[in-house]
Amino acid sequence: MTALTSLTLAEARAGFAKKQFSAAELTEAHLAAIEGARSLNAFVLETPERALEMAKASDARIATGTAGPLEGIPLAIKDMFCTAGVRTAACSRILHNFVPTYESTVTANLWRDGAVLLGKTNNDEFAMGSSNETSHCGPVTSPWRRKGSNTPISPGGSSGGSAAAVAAQLCLGATGTDTGGSIRQPAAFTGTVGIKPTYGRCSRWGIVAFASSLDQAGPFARSVRDAALLLGSMAGHDQKDTTSVDRPVPDYAAAAGRSIKGMRIGIPKEYRIDGMPAEIEKLWEQGRAWLKAAGAEMVEVSLPHTKYALPAYYIVAPAEASSNLARYDGVRYGLRVPGRDISALYEKTRAEGFGPEVRRRIMIGTYVLSAGYFDAYYVRAQKVRTLIKKDFEDAFAGGVHAMLTPATPSAAFGIGEKSGGDPVEMYLNDVFTVTVNMAGLPGISVPAGLDAHGLPLGLQLIGRPFDEETLFSLGQVIEYAAGRFQPEKWW
Amino acid sequence: MSVDAHTVRQIAHLARIAVADDEVERLQGEINAVLAFVEQLQEVNVDGVEPMTSVTPMKLKQRGDVVTDGGIADDIVKNAPATEDNFFLVPKVVE
């Protein structure tokens with residue numbers, strides 16, 4: 001029998017049904033794997049007691065035939081999701097001691113369906129970053145290494161801990177949040193599957209807010225089908241989030257494996273950017289060939305405002321962040337640094353509580369929203385956003401079912417390799433993913449190959465609003481063709 | 001557009017983030033790098049374009065005007081750094 005930590009969700013469920021192992025045994029195997037992988041720094045909080053308690057409850061439900069769809073499945077939860085009674089810090093010093101008294105809707109849905117909480121995973125502070133290096137808890141080391149090298153590699157970010165935990169087989173799946181690429185980029189960097197669903201598909205209630213008009217939760221998994229099963233539990237209408245959509249959740253897992261014959265796949269010509277590495281171009285071409293071989297038709301489409309998505313994002317996201325993060329004032333929760341008066345208390349608390357990237361983004365957001373600059377920056381960026389969305393609408397109206405693009409402009413980079421003085425260098429990582437958030441669309445990153453150094457590369461599929469099913473069907477075709485990718489254990 | 005040292009201090013004050021004197025120059029450089037990057041938005045023709053207010057078309061939901069929660073004062077102050085009788089404590093604001 002394969003190791004318990006290398007199972008897919010379906011295999012784990014089958015194992016329970018055949019009584020090959022118990023949920024408690026499956027959880028214990030993962031807790032041991034987590035303990036053995038502490039050098040990766042993927043987890044910022046391990047919850048072994050709770051995990052075993054939940055697993056035993058799962059075993060009881062399995063025994064009585066009342067198992068949920070994710071019964072006994074051990075998961076890792078990004079530190080951005082509030083978990084009742086379990087510290088949730090968004091990997092920020094300002095929330096270092098915050099223990100929520102409530103549960104986020106997405107995690108509540110997972111527990112409702114029987115899943116087991118293994119612990120909380122590392123992320124860039126408040127999900128602001130693309131390498132997990134802005135975390136107050138330190139960077140995550142990817143389980144992947146370049147061939148013949150010990151250089152620590154970044155798993156990407158902001159959901160770096162979740163991506164690394166799934167890739168290193170420390171959990172069967174994990175949650176992430178994606179504001180500009182924070183699920184899809186780390187998925188691509190770690191050879192895992194990650195999907196950001198349509199805006200409104202998952203409730204944002206109880207998720208630490210970064211940029212409310214862009215934030216969406218989604219799963220990480222080692223196969224397309226597992227990602228589909230997880231999203232099926234995470235998604236759904238929630239009265240507590242007014243932007244959550246009241247429409248039924250389809251059977252996503254059934255979509256993985258469905259024929260893609262006759263589908264028209266858009267290839268956006270603006271994604272052929274200057275200086276794109278030849279191996280990314282080759283990977284993209286390979287993806288087109290795989291989909292074509294499965295009966296889909298490739299169509300060149302144009303998304304003329306693509307290059308403006310990233311600059312518009314770096315106005316809209318910081319603006320919303322500056323407003324959302326105003327709540328951290330040293331009064332109601334989190335860190336408090338005393339000052340001579342209330343103003344000094346606020347200023348000192350926020351200066352010491354937020355790291356440099358978060359402080360910078362709050363300041364940029366404050367600036368673009370301030371009197372005299374609001375129209376020139378914020379309103380203009382929101383107009384550009386309308387144009388970006390219209391680009392996609394026009395392409396889809398032309399009869400395209402989904403689009404295929406590279407997930408990232410390169411493979412993962414080494415820790416510290418991109419933390420120079422110019423923040424824009426890091427931002428460019430999200431050039432292919434950020435358009436999708438700006439337009440509110442679903443996007444999935446599927447592992448598709450390895451680069452010359454042996455590091456994973458991913459392809460991204462972009463769908464029509466609420467058509468995650470097509471993404472799972474297409475993603476499954478790529479997975480069948482490319483295979484699955486697993487790092488060699490060295491930690 | 002770019003910001004000078006005075007503006008950096010002003011933004012920091014608006015954002016309620018204390019900035020030390022020796023941090024201003026670095027922050028100014030970083031903020032200006034981002035502002036230079038977003039400058040390219042100026043070349044987009046946005047005449048007659050509505051600014052986005054909602055990324056997915058949705059009707060604003062309404063709910064009954066009823067109390068659905070409450071009586072959890074202990075929970076609300078549970079994570080507060082300083083409280084007294086379920087009130088948040090702050091330094092004196094009125095002399």
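Note that these values count all heavy atoms, side chains included, but never hydrogens, waters or copies made by symmetry. Throughout, protein chains are lettered first and strands after them, A, B, ... in sequence-line order, and every chain is numbered starting at 1.
Between chain B and the residues A:G353, A:A381, A:P356, A:S244, the most heavy-atom pairs under 4.5 angstrom are made by A:S244. Residue with the most contacts toward chain A among B:R63, B:K78, B:R26, B:M52: B:M52 (heavy-atom pairs, distance under 4.5 Å). Of the listed residues (A:A312, A:A344, A:S213), the greatest number of heavy-atom pairs within a distance under 4.5 Å of chain B belongs to A:A312. Each of A:K348, A:R380, A:R385 has some count of heavy-atom pairs under 4.5 Å with chain B, and the biggest count is that of A:R380. Ranked by heavy-atom pairs under 4.5 Å with chain B, the list A:V379, A:T349, A:L310 is led by A:L310. Note: A:M363 leads A:H305, A:M363, A:M438, A:K389 in heavy-atom pairs under 4.5 Å with chain B. In terms of heavy-atom pairs under 4.5 angstrom with chain B, the leader among A:N97, A:T198, A:T243 is A:T243. When B:A18, B:A80, B:A12 are compared by the number of non-hydrogen pairs under 4.5 Å with chain A, B:A18 comes out ahead. Counting heavy-atom pairs under 4.5 Å between each of B:N45, B:D75, B:L41 and chain A puts B:L41 at the top. Across B:V55, B:T56, B:V93, the residue that shares the most heavy-atom pairs under 4.5 angstrom with chain A is B:V55. Per-residue heavy-atom pair counts under 4.5 Å with chain A were compared for B:L14, B:V19, B:V34, B:T68, and the maximum is reached by B:V34.
Contact of A:Y377 with chain B is made through the side chain alone, with heavy-atom distances under 4.5 Å. Contact of B:Q40 with chain A is made through backbone and side chain together, with heavy-atom distances under 4.5 Å. For chain B, no part of A:Y378 is nearby; none of its heavy atoms comes within less than 4.5 Å. When heavy atoms are compared at a cutoff of 4.5 Å, B:L27 approaches chain A solely by way of its side chain, counted from C-beta outward. Residue contact with chain B, scored on non-hydrogen atoms closer than 4.5 Å, is absent for A:K390. For B:T83, no part lies near chain A; criterion is any non-hydrogen pair under 4.5 Å. A:S322 does not touch chain B: none of its heavy atoms, backbone or side chain, sits under 4.5 Å away. Using a 4.5 Å cut-off between heavy atoms, A:Y102 makes no contact with chain B at all. For B:E23, the part sitting under 4.5 Å from any heavy atom of chain A is the side chain, from C-beta outward, and nothing else. Of the two parts of A:I388, neither the backbone nor the side chain holds a non-hydrogen atom closer than 4.5 Å to a non-hydrogen atom of chain B. Within the 4.5 angstrom heavy-atom criterion, only side-chain atoms of A:L345, from C-beta onward, approach chain B. Neither the backbone nor the side chain of B:V77 has a heavy atom closer than 4.5 Å to any heavy atom of chain A.
Of the inter-residue distances, the one linking A:Y367 atom OH with B:I31 atom CD1 reads 9.5 Å to the nearest 0.5 angstrom. Note that the CD1 atom of B:I11 and the CD1 atom of A:I364 stand 8.5 Å from one another [nearest 0.5 Å]. The NE2 atom of B:H13 lies 11.5 Å from the OG1 atom of A:T366; values are rounded to the nearest 0.5 Å.
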Show your working on side-chain contact (heavy atoms from CB on, under 4.5 Å) between A:Y346 and B:V90 and close with a plain yes or no. CA-CA 10 Å; A:Y346 293 151; B:V90 294; 5.9 Å; no
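For B:E43, the CD atom sits in a packed shell: over 12 heavy atoms of surrounding residues, nucleotides or ligands are nearer than 6.0 Å. In this structure, A:Q239 places its CD atom where only 12 or fewer heavy-atom neighbours from other residues, nucleotides or ligands lie under 6.0 Å away.
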Under 3.5 Å, which donor-acceptor pairs do the side chains of residues 325-340 of chain A form with other protein atoms, sequence neighbours left out?
unit_1 : atom_1 : unit_2 : atom_2 : d
A:R327 : NE     : A:N324 : O      : 2.8
A:R327 : NH2    : A:N324 : OD1    : 3.2
A:D329 : OD1    : A:V331 : N      : 3.0
A:D329 : OD2    : A:R332 : NH2    : 3.3
A:R332 : NH2    : A:R327 : O      : 2.9
A:R336 : NH1    : A:G330 : O      : 3.2
A:R336 : NH1    : B:L89  : O      : 3.0
A:R336 : NH2    : B:L89  : O      : 2.7

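Exactly one residue among B:V46, B:V49, B:V38 makes a side chain to side chain contact (heavy atoms under 4.5 Å, CB included) with A:V384. That residue is B:V46.
Between the side chain of A:T386 and the main chain of B:E50, a donor-acceptor pair closer than 3.5 Å is present. Proximity of a side-chain donor or acceptor of A:R350 to a complementary backbone N or O of B:A15 within less than 3.5 Å is detected.
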